Visitor: 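Below is one structure. I have some questions about it.
Letters go in sequence order (proteins before strands), and every chain restarts at 1. Here the structure is a predicted model, which means the values were calculated and not measured.
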Amino acid sequence: MDECRDNRALVDNNEAQTLTSEDIDEMRRQGVKGDEIIEALISNSATYEKKTAFSQEKYRIKKQKKYAPRVLLRRPSARSICEAYFKKYPHRIGFLRVDALSLLLSLANVTANSDILLVDMVGGLLTGAVAERLGAGTGYVCNTYLGSSPYPVDMVRTFNFDNEICKRIVRAPLRDLCLDQTGTSEKPDACNAELNVGTSEKPDASNAELNGQTSSISMEEMSLPSNHEAADSETTVSPQSKMGKTPKAGEKASEEAIKSWKENGFSSLIIAAPDADAWSLAKDLLPLLSYSAPFAIYHQYLQPLATCMHNLQQGKMAIGLQISEPWLREYQVLPSRTHPLMQMSAFGGYILSGTKICSCS
Amino acid sequence: MLCSDGTKKLSFGGSIKDGDLVIVYEKRDVMKAVKVCETSVLQNRFGVFKHSDWIGKPFGSKVLSNKGGFVYLLAPTPELWTLVLSHRTQILYIADISFLITYLEIVPGSLVLESGTGSGSLTTSLARAVAPTGHVYTFDFHQQRAASAREDFQSTGVDSLVTVGVRDIQGEGFPDEYSGLADSVFLDLPQPWLAIPSAGKMLKQDGTLCSFSPCIEQVQRTCEALKSNFRDIRTFEVLLRTFEVHEGKIDSCQGEEGLSVRSPPCKRRHRSSEGSTKQDSSSSPTIKVRSHWLFDIFKTAMSLMKNLHVDSLYIQMFLALVFDRLEKFRRKFCPVACGQQFLFSFRMLGSKCRKTFLCRREKVC
């Protein structure tokens with residue numbers, strides 16, 4: 001069906017519509033329905049008939065959005081929350097685009113009944129998305145942080161999780177997770193036992209480095225661990241016993257959980273710290289993973305990830321390393337009007353992914 | 001691969017057992033799925049690996065061959081599986097898989113219908129997403145491919161979460177028994193618009209549908225068919241750009257054969273080999289050349305010969321030695337079957353300033 005109209009005679013001088021805004025307000029006050037206002041606008045438009053069929057449809061849709069808007073109520077999900085924030089407040093989520101977020105979830109093998117270690121500096125979006133895929137059941141999403149105060153994860157509330165899932169979301173400072181590496185934890189011992197003279201250097205160096213790092217972190221804090229924990233356990237116990245409040249997501253991780261993570265390691269790691277240095281986080285956190293555990297690191301810029309990847313390769317800490325940049329283009333698909341959307345996000349950050357290996361031979 | 005048992009946790013901390021599926025990692029793009037069997041061996045260019053050596057080791061371990069070469073043994077994940085599975089049909093890769101699982105809003109406990117199964121690449125990821133209480137009902141009209149898919153799901157351990165049916169979804173639609181029960185439907189069919197009405201019947205209110213098509217014409221017809229019953233119809237194209245990282249510095253020696261000029265760390269489209277071959281350690285950090293060092297010498301010698309008048313006895317002898325070694329190397333590492341042929345004949349002494357040097361190269365190593 002060929003279109004014979006075009007816009008050669010149309011002049012954009014704002015005189016086509018004869019209804020004024022006062023007229024429209026009057027109609028609204030009289031309780032005229034949105035659809036009727038639109039019909040009135042169309043019949044009072046001098047140029048409407050001269051427009052092409054597509055143009056008329058576009059006009060109608062534009063007016064509908066303004067005078068007769070329709071909303072579809074849907075339950076929140078990782079993708080809708082991510083899209084909303086990316087559109088409106090991208091800096092709050094570190095410019096983490098939906099496809100980058102979904103890549104993180106896949107590359108890190110996020111699934112039910114697993115223990116996932118997170119560094120979430122994107123407002124809680126990542127925590128929520130991971131918890132959504134983790135579901136209820138066993139397994140935890142553990143948010144870790146350097147220092148003594150956790151990063152804000154307010155966005156988790158927008159996910160509307162029920163109690164069961166909220167219970168899965170916990171936090172633990174990095175020093176708590178690392179503490180026993182110097183002492184009697186099984187993994188380093190097994191590592192040392194198996195070492196041959198020829199290859200002993202690197203694993204030793206990396207362990208020593210970790211110990212040095214841990215002690216410097218705990219020295220920064222200076223607080224006595226026992227008092228700190230006692231105080232914390234008090235604060236977590238009292239709200240529950242007092243008011244029978246529902247557990248908020250992001251409670252402190254229990255002792256037994258921390259113990260089991262130290263024994264078995266986490267099953268995967270995701271880091272979304274767009275302003276932090278990837279390598280310094282990775283080198284402290286990778287040792288907390290079990291062997292053959294996948295990890296994914298999101299960053300806004302390429303160079304820190306390149307450095308991190310290089311260091312991981314040198315240190316033989318991981319294999320299958322890859323830096324990917326997700327590319328996303330949305331299309332409008334309508335009969336005879338199929339084309340990419342006019343605006344496309346050209347920047348969704350970069351992701352470094354890999355698998356941790358056993359560095360002892 | 002997954003933990004459907006709620007009492008156990010997914011942990012790769014377990015060690016490799018007889019009968020486990022492992023992913024043998026040689027280097028980034030060379031991986032293979034192998035079922036561990038006490039009596040079997042794995043043979044590749046690094047040597048012979050006995051499976052019995054693997055049993056008891058943790059996943060993620062490095063294992064050695066009889067020749068001292070090594071590979072890594074990784075625990076299977078849907079991502080790794082997608083890269084190693086045998087292609088009976090064209091498969092979906094991680095960029096599309098990860099994106100559509102997020103958009104379909106699949107969570108543990110979801111019921112997902114899929115057609116066609118193909119080689120099961122997406123199906124494995126769907127199984128992970130719905131575990132442990134959900135289920136994936138996948139259909140393919142090809143009997144044998146459906147059977148192969150079932151075998152794959154058994155070896156990867158997701159068979160409790162996936163049911164493969166043989167059915168022509170385009171022609172017959174989905175089975176009525178799932179009407180109104182599906183949380184999500186995924187279509188990868190040549191004419192998905194024929195399956196849209198049935199998909200609509202299967203889905204719960206607020207359920208999600210995704211159709212994957214390579215051609216825009218198919219997308220257009222599908223969108224047209226969706227208009228009546230579906231809202232929020234969106235179409236996307238997803239890609240992944242990958243980067244490789246190299247350390248290097250710009251070399252001042254230009255034009256000499258065998259040396260390459262590299263630029264400082266940045267994105268490059270170059271394969272970085274994680275070199276599990278027993279290699280000479282003579283390669284300096286700034287130079288990353290693919291070929292063996294002997295070949296570099298050969299190339300240098302060739303350029304020398306072009307420029308010099310080879311009358312010195314010592315140079316002739318040296319060159320003879322190089323070519324001799326190169327020939328031995330060639331025989332050892334470059335089998336003639338590759339179509340390479342080096343032929344040297346060299347006349348020394350007795351012929352004044354005559355270099356009767358023949359080198360026939362059909363294909364450069």
Visitor: With a 4.5 angstrom heavy-atom cut-off, is it the side chain or the backbone of B:Gln220 that approaches chain A, or both, or neither?
Guide: both
Visitor: Measure distances from A:Leu328 to the heavy atoms of chain B and classify the residue's part below 4.5 Å as side chain, backbone, both or neither.
Guide: both
Visitor: What part of A:Glu83 is in contact with chain B, defined as an atom under 4.5 angstrom from a non-hydrogen atom: side chain, backbone, both or neither?
Guide: side chain
Visitor: Is it the side chain or the backbone of A:Leu305 that comes within 4.5 Å of chain B heavy atoms, both, or neither?
Guide: neither
Visitor: Which one wins on heavy-atom pair count under 4.5 Å against chain A: B:Ile216, B:Val107, B:Leu64, B:Leu74?
Guide: B:Leu74
Visitor: Could you tell me which non-hydrogen atom of B:Tyr103 sits nearest to which non-hydrogen atom of B:Arg234, and how far apart they are?
Guide: OH-NH1, 3.8 Å
Visitor: Measuring heavy-atom distances to chain A, does B:Ile106 have an atom under 4.5 Å in its side chain, in its backbone, in both, or in neither?
Guide: backbone
Visitor: Do B:Phe236 and B:Phe99 have ring centres separated by under 6.0 Å?
Guide: yes
Visitor: In terms of heavy-atom proximity below 4.5 Å to chain B, should A:Leu104 be classed as side chain, backbone, both, or neither?
Guide: neither
Visitor: Could you tell me which of A:Leu341, A:Asp99, A:Leu101 has the largest number of non-hydrogen atom pairs under 4.5 Å with chain B?
Guide: A:Asp99
Visitor: Is there a ring-ring contact (aromatic ring centres under 6.0 Å, His included) between A:Tyr350 and A:Tyr298? Walk through the geometry before answering.
Guide: CA-CA 6 Å; A:Tyr350 305 87; A:Tyr298 166 79; 8.6 Å; no
Visitor: If the threshold is 4.0 Å, N to carboxylate O, is there a salt bridge linking A:Glu57 and A:Arg337?
Guide: yes
Visitor: Chain A heavy atoms under 4.5 Å from B:Thr208: which part of the residue, side chain, backbone, both or neither?
Guide: side chain
Visitor: How are the rings of B:Tyr72 and B:Tyr25 set to each other: parallel, tilted or perpendicular (split at 30° and 60°)?
Guide: perpendicular
Visitor: Would you call B:Arg128-B:Glu79 a salt bridge at under 4.0 Å N-O?
Guide: yes
Visitor: Hey, are B:Ser121 and B:Thr82 close enough side-chain-wise for a donor-acceptor pair under 3.5 Å?
Guide: yes
